[in-house]
Participant: 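Let me begin by handing over the structure; questions about it come next.
Quick note on labels: first sequence line is chain A, next is B, and so on, each numbered from 1.
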Protein chains: 4
Amino acid sequence: MGRTPNPDLRSARARRAILDAAVELGTRDGYAQVTVEAIAARAGVGKQTIYRWWPRKSAVLLEALNERSGPAAEVPDTGDLAADLGRQLRMVIGLLNGDLGLIWRGLLADAQSDACLAQELRDNFFTPRLRRWRDRLETAVAAGELRADVPSATMVELLFGPVYYRYLIGTSPLDADDAEALIEQIFNGLRPRP
Amino acid sequence: MGRTPNPDLRSARARRAILDAAVELGTRDGYAQVTVEAIAARAGVGKQTIYRWWPRKSAVLLEALNERSGPAAEVPDTGDLAADLGRQLRMVIGLLNGDLGLIWRGLLADAQSDACLAQELRDNFFTPRLRRWRDRLETAVAAGELRADVPSATMVELLFGPVYYRYLIGTSPLDADDAEALIEQIFNGLRPRP
Amino acid sequence: MGRTPNPDLRSARARRAILDAAVELGTRDGYAQVTVEAIAARAGVGKQTIYRWWPRKSAVLLEALNERSGPAAEVPDTGDLAADLGRQLRMVIGLLNGDLGLIWRGLLADAQSDACLAQELRDNFFTPRLRRWRDRLETAVAAGELRADVPSATMVELLFGPVYYRYLIGTSPLDADDAEALIEQIFNGLRPRP
Amino acid sequence: MGRTPNPDLRSARARRAILDAAVELGTRDGYAQVTVEAIAARAGVGKQTIYRWWPRKSAVLLEALNERSGPAAEVPDTGDLAADLGRQLRMVIGLLNGDLGLIWRGLLADAQSDACLAQELRDNFFTPRLRRWRDRLETAVAAGELRADVPSATMVELLFGPVYYRYLIGTSPLDADDAEALIEQIFNGLRPRP
DNA sequence: CACTAATCGAGACGGTACGTCTCGTCTTCGC
DNA sequence: GCGAAGACGAGACGTACCGTCTCGATTAGTG
């Protein structure tokens, strides 16, 4: 029964093949069309070998995705807040629009009905980035660059919200070149400045 | 084969029972757990009667949802833009946090892998609301209340993006009382005003 | 509820179209493939019109078949028992091997799981023929032509049994030219006569 | 798609449960009332496990029946042809009148509209028995016990035909005690012997 | 000749079973 | 004991017909 496997005996070859197959299928057919069975077949691996090490297909694809989108996690700090934010938004948008975007989109969708995946997504992806940007923004608040009466976590949501809105709802295309304008608009607001 | 049924002979009773059953199951178990079979069983209806009038379970739930979220669609116009926006955001947030939110969440998730549903969602839900708010905002632009150099469609996304971000990603809870602050922040921007 | 329709108002046109359609479909696709729905469609008739006048598809096909196989029911009496029997067997075999055979075969099959159809088949088809031949055979018994110690009903079964055996089980083809030999064999027996 | 399963990995437990369930349902409700779904449910088995190993419900019931009617297949040879035939006929009649008769009847009926089942029935059931009896009868012919001018296959049909006729058409009951009389009548013929 | 039934064509309805698909677990080997 | 292979129990899918029902629109025979 629910025995826990011994990680020392784990086959690195199988793990690689599984993650690679998952990404290939996910980028080719879309997240929802990927099945554990298909991953196993393409990886030349038994289904059980997948279920032994991952609880669900979402976990496989999440791990595969994490492996390949490390760079997008890096928060540069050149001292120029707006420029750094712009670079970050461009990277995120690039990721969403790229091959892996299909997988990311599927994971976000899946998380809507899988609390456990949702938690993992937050813990491993959103919360760390949020925290790092919150720190940056709080520095800017302290420097008088940003308002002190808006929670920094809210600021992050104001900046990233519109990006994900376009991505998930698709009323208008998501373009990396919009990043800087977006930041400017959030920073300065929609009302005319005197 | 693919014969088209005659809407004149359609049973209003069956339609009602199906939509009601769909909502009950959707709010109780969550969108993903709903099956056409279960809807039919609970509605006391043959499966074929569902497939005769709707192509997919998503179509059933979308119609059911549309029926019951009429009020949230109303764009109020009291002359006070910020107040009207606040009222609308509160309503949307109320919908998302309410019973029907579970269904709405599932539809949005499903739309990520079903282009046809995505299109329908945009056509029947997002685009109309977007258009109405765009008009309101353009009036405000013309009145000098809002910047003329930001596309009004973008403005709508800046306002609603953060709401859906919180809703779908869940890093922080979505509270109707945040509506007014959100609008103020978007309107005035994150930089201190002199 | 179960109201009984008024035969005076019955549409002769519909009746004809239904019986014709039933035979066409039955001879073309085989009894089992015929559906009430298909009969109705091909006859240009509502399903209810069929169910109003016949309880089951088997009843429709039985009536259609009876209509068209009148001649095979005729028991000739030329005085020559063996010759008359031969003529009858030839006719029966001709019917079974003909277009209508497919329907007849299906009815016999269906009767195996439908006691009511089985009864009707016996009452309207087998028993009358059986009775008439029993009478003929009893005359022959009285004339000393046939053994008196074999029940005449059994004699009929000995004669027709092998025909239906071949027909339903199909180990060897059923040929009208075998009729006379068959009769001779049953009459004279398998043991050599001195 | 139509992959062929590996018989080495077949579950003996499932096979047993399926065949047992099929017989139970068949003898209780009759062949026509048995459904693959019901067999699966009663056997505690997935439907796919049935469809993996048998193409149709008829194949399941045929296999189940074959398994349990081994003895009725035995052709005894005590040297006394008539006695051996009598024993065989009694056995066949016993089978037909017994619990399994309901299944056998259904299979024969089904075979009328399923050429593939008909072939299987002939190949696995009728032809072997026919062949063995033909051999016996040919020996008797060579010994001068039976006429040389009647094909032995025909002789078998003359003997078994009346049995199946009564069984399938039901104009008179089928009784094991009729076996010997039947054989005597076929052997000696219906005409009085001098 | 209008009236008034009941039948008619049409087809939607509540059901049942079909045969297929995919899920996550269990079983069987070979290494 | 892991890994490849794949059979297994479970159960939803979307389709085909069943036999019943509800519609107007003919179509009789009756007053």
Side-chain angles (χ1 to χ4, degrees), chain A residues 1-3 5-11 13-14 17 35-38 40-41 43-53 55-57, chain B residues 1-11 13-15 17 33-38 40-41 43-53 55-57, chain C residues 1-3 5-11 13-14 17 34-38 40-41 43-53 55-57, chain D residues 1-3 5-11 13-15 17 33-38 40-41 43-53 55-57:
Chain A
M1 304 305 113
R3 291 169 47 269
N6 180 350
D8 294 346
L9 299 178
R10 182 171 187 179
S11 155
R13 192 189 57 67
T35 66
V36 172
E37 215 143 54
V45 138
K47 281 203 295 181
Q48 195 55 56
T49 302
I50 297 183
Y51 281 111
R52 199 176 346 260
W53 304 109
R56 266 170 300 279
K57 92 168 178 187
Chain B
M1 298 301 117
R3 291 173 47 271
T4 47
N6 180 349
D8 293 347
L9 299 180
R10 183 169 187 179
S11 157
R13 192 188 56 66
R15 179 174 173 281
Q33 276 62 52
V34 176
T35 67
V36 172
E37 213 142 54
V45 138
K47 280 203 287 182
Q48 195 59 60
T49 301
I50 298 183
Y51 284 111
R52 199 177 347 258
W53 304 108
R56 267 171 296 281
K57 91 168 180 189
Chain C
M1 299 303 109
R3 292 170 45 269
N6 180 351
D8 294 346
L9 299 180
R10 181 169 187 181
S11 156
R13 192 191 55 68
V34 177
T35 67
V36 172
E37 215 142 52
V45 137
K47 281 202 297 181
Q48 193 58 60
T49 302
I50 298 184
Y51 283 111
R52 196 176 350 258
W53 304 109
R56 267 171 298 279
K57 93 169 179 188
Chain D
M1 299 298 119
R3 292 173 46 273
N6 180 350
D8 293 347
L9 299 181
R10 182 168 189 181
S11 156
R13 190 190 56 69
R15 179 175 175 281
Q33 276 62 53
V34 176
T35 67
V36 173
E37 213 142 54
V45 138
K47 280 203 288 182
Q48 194 58 61
T49 301
I50 297 183
Y51 283 111
R52 196 175 353 256
W53 303 109
R56 267 170 299 279
K57 94 169 178 188

Participant: Rounding to a whole Å, what distance do you find between D/R13:CZ and E/dT28:P?
Facilitator: 11 Å

Participant: Suppose we screen for side chain to side chain donor-acceptor pair (under 3.5 Å). Which residues come up paired with B/E37, at least two apart in sequence or across chains?
Facilitator: B/K47

Participant: Among all residues two or more places apart in sequence or in another chain, which pass the side chain to side chain contact (heavy atoms under 4.5 Å, CB included) test with C/R56?
Facilitator: C/S58, C/D114, C/C116

Participant: Once side chain to side chain contact (heavy atoms under 4.5 Å, CB included) is applied, do any residues pair with A/P55, and if so which ones, sequence neighbours excluded?
Facilitator: A/A59

Participant: Is any side-chain heavy atom of B/W53 closer than 4.5 Å to a side-chain heavy atom of B/R10?
Facilitator: yes

Participant: Atom CD1 of B/I50 to atom P of E/dC13: distance rounded to whole Å?
Facilitator: 11 Å

Participant: Starting from the 5' end of DNA chain F, give me the residue, D/A14 or C/D8, whose nearest nucleotide shows up first.
Facilitator: D/A14

Participant: Output all residues satisfying side chain to side chain contact (heavy atoms under 4.5 Å, CB included) with B/A38, sequence neighbours left out; order by chain, then residue number.
Facilitator: B/L25, B/T35

Participant: Starting at the 5' end of DNA chain E, which residue's closest nucleotide do you reach first, D/R56 or B/R15?
Facilitator: B/R15

Participant: Could I get a table of every N or O pair under 3.5 Å where one atom is in the protein and the other is in nucleotides 10-12 of chain E?
Facilitator:
{"unit_1": "E/dA12", "atom_1": "OP1", "unit_2": "B/N6", "atom_2": "N", "d": "2.8"}

Participant: Suppose we screen for side chain to side chain donor-acceptor pair (under 3.5 Å). Which residues come up paired with A/Q48, at least two apart in sequence or across chains?
Facilitator: none

Participant: Can you check the C/Y51 OH to E/dC13 C1' distance for me, whole Å?
Facilitator: 14 Å

